[in-house]
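Taking it in order: structure first as structure tokens, then the write-up.
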Amino acid sequence: MEQPIDIADCLQRWKKGNEDAAEELIRHLYPVISKIVHVHLPRRDHEEDLVQEILMKTFSRIHQYKGDAPLSHWVSRLALTTCLDRLRAQKIRPEIRWADLSPEDQDVFDASWLGGSSPDASQAIQARDLVDKILSTLSPADRSLILMIDLEGQSMEEISNTTGWGVSKIKMRLFRIRTRLRKTIQNLNERI
Amino acid sequence: MNMNEDKQWQSLLSHSATAFTGDAVPPYGFMASTLARLKEKKNQQEQLEKIGIRAFLISIGALVIVAAITMDLHFQNRSDLEPGVRSLIQVENVQLS
């Protein structure tokens, strides 16, 4: 387990050009950034590049950090914004049909219907691919929102802090997203 | 109907949950490369600052030289009159200030 670090002291030392302080900060921030990038980036091939890009942004904009919130919150927001910008560059599919799924995706979809035992690593990756396909019908912001709620179990207040949206806006978006997801899953169940 | 689809979505997510977990520890070599990039960026910034200061000093120097040459030419031209004009001045006994 990583030892807690004195963020203010690290920042102070980093600003004076101390590279050990930079390394301590990177070690502290890496898991936070890595988790966000892993969840919010559908194509995982450039994941490490994106983590590095966010770290570079963090260090180049560190003077903008006022210290009124924890550094990890400030970095989470920066990471999420970067991921959303990257996702926006990718095309949103209007809808997904049964014929768009590979045989493996179709098996996972049918298995999910049955529920059952905990999957092994390869089944989890296959399930993630299917989840990514279903989520590709949503806008980047909606995709991130549903993952923060359903996968990470974040509260409305936490999401509000990270995204800057009001709670009522989050609830409205969530309602729209759930309706859309239900429609997609219903179509897949009916083999449309 | 809605409940079933919600349960199915939650089941799919729970099946894929482990594939969504990010790394907790930076990979080997990552730190070195990131620090190297940070250092390189800092060096580049310092180099740019040095180049900027040098360019500024050089342009100031060039300006001073040009101003000196201009002033010199200006004063030279004042006493360097055409021979006809000079003789006219002598005839009329005009005072040159």
Side-chain angles (χ1 to χ4, degrees), chain A residues 1-2 14 17 19-20 22-23 26-27 29-40 44 47-48 51-52 55-56 59-60 108-109 111-116 118-132 134 146-147 150-152 178-179 181-186 188-189, chain B residues 1-70:
Chain A
M1 188 72 191
E2 195 76 16
W14 159 247
E19 282 186 15
D20 291 339
E23 189 173 331
I26 290 170
R27 279 194 189 283
L29 296 173
Y30 186 89
V32 178
I33 297 172
S34 170
K35 189 180 164 198
I36 290 172
V37 168
H38 205 81
V39 171
H40 299 282
R44 279 167 286 162
E47 190 178 312
E48 198 172 304
V51 173
Q52 291 207 20
L55 275 171
M56 299 297 287
F59 282 101
S60 63
V108 170
F109 185 79
S112 75
W113 184 227
L114 302 171
S118 54
D120 61 30
S122 66
Q123 288 171 323
I125 290 169
Q126 195 62 53
R128 172 163 183 169
D129 285 343
L130 178 57
V131 167
D132 280 339
I134 293 172
I146 194 77
L147 287 177
D150 283 357
L151 190 78
E152 297 173 32
R178 292 222 183 277
T179 309
L181 281 177
R182 281 182 198 128
K183 179 74 186 152
T184 303
I185 291 175
Q186 190 185 339
L188 291 177
N189 277 326
Chain B
M1 195 72 171
N2 286 351
M3 288 287 284
N4 282 342
E5 280 130 18
D6 286 350
K7 270 172 74 177
Q8 203 171 352
W9 168 247
Q10 292 299 337
S11 171
L12 250 181
L13 273 183
S14 68
H15 272 75
S16 62
T18 52
F20 274 98
T21 314
D23 299 328
V25 180
Y28 180 75
F30 172 85
M31 205 69 68
S33 65
T34 307
L35 283 175
R37 281 171 69 172
L38 284 172
K39 202 173 177 180
E40 198 187 320
K41 206 178 169 188
K42 206 174 158 188
N43 285 342
Q44 275 178 354
Q45 210 169 347
E46 281 173 5
Q47 284 294 107
L48 276 174
E49 279 171 13
K50 275 184 192 168
I51 291 169
I53 290 169
R54 275 183 202 159
F56 177 72
L57 290 175
I58 289 168
S59 57
I60 291 282
L63 266 174
V64 168
I65 292 167
V66 169
I69 292 170
T70 311

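Sequence lines set the chain letters: A, B, ... in the order given, protein chains first and strands last, and positions in each chain run from 1.
- Distance NE2/His15(B) to CG/Leu130(A): 11.0 Å, rounded to 0.5 Å.
- Between atom CZ of residue Arg178(A) and atom CD of residue Glu5(B) there is a gap of 12.5 Å, rounded to the nearest 0.5 Å.
- Only the side chain of Ile146(A) comes within contact range of chain B, judged by heavy atoms closer than 4.5 Å.
- Proximity to chain B (any heavy atom under 4.5 Å) is shown, for Leu188(A), by neither the backbone nor the side chain.
- Closest non-hydrogen pair, Trp9(B) versus Ile185(A), comes out as CB-CD1, 3.6 Å.
- Summarising the geometry of Ala19(B) relative to His38(A), their closest heavy-atom pair is O-NE2, 2.9 Å, with the distance given to 0.1 Å.
- Chain B forms the most heavy-atom pairs under 4.5 Å with one residue out of Ile134(A), Leu181(A), Leu55(A), Val32(A), and that residue is Leu181(A).
- The structure places CG of Leu13(B) at 11.0 Å from CD of Glu152(A), a figure rounded to the nearest 0.5 Å.
- Annotation: the span from Ser16(B) atom OG to Asp132(A) atom CG amounts to 8.0 Å, rounded to 0.5 Å.
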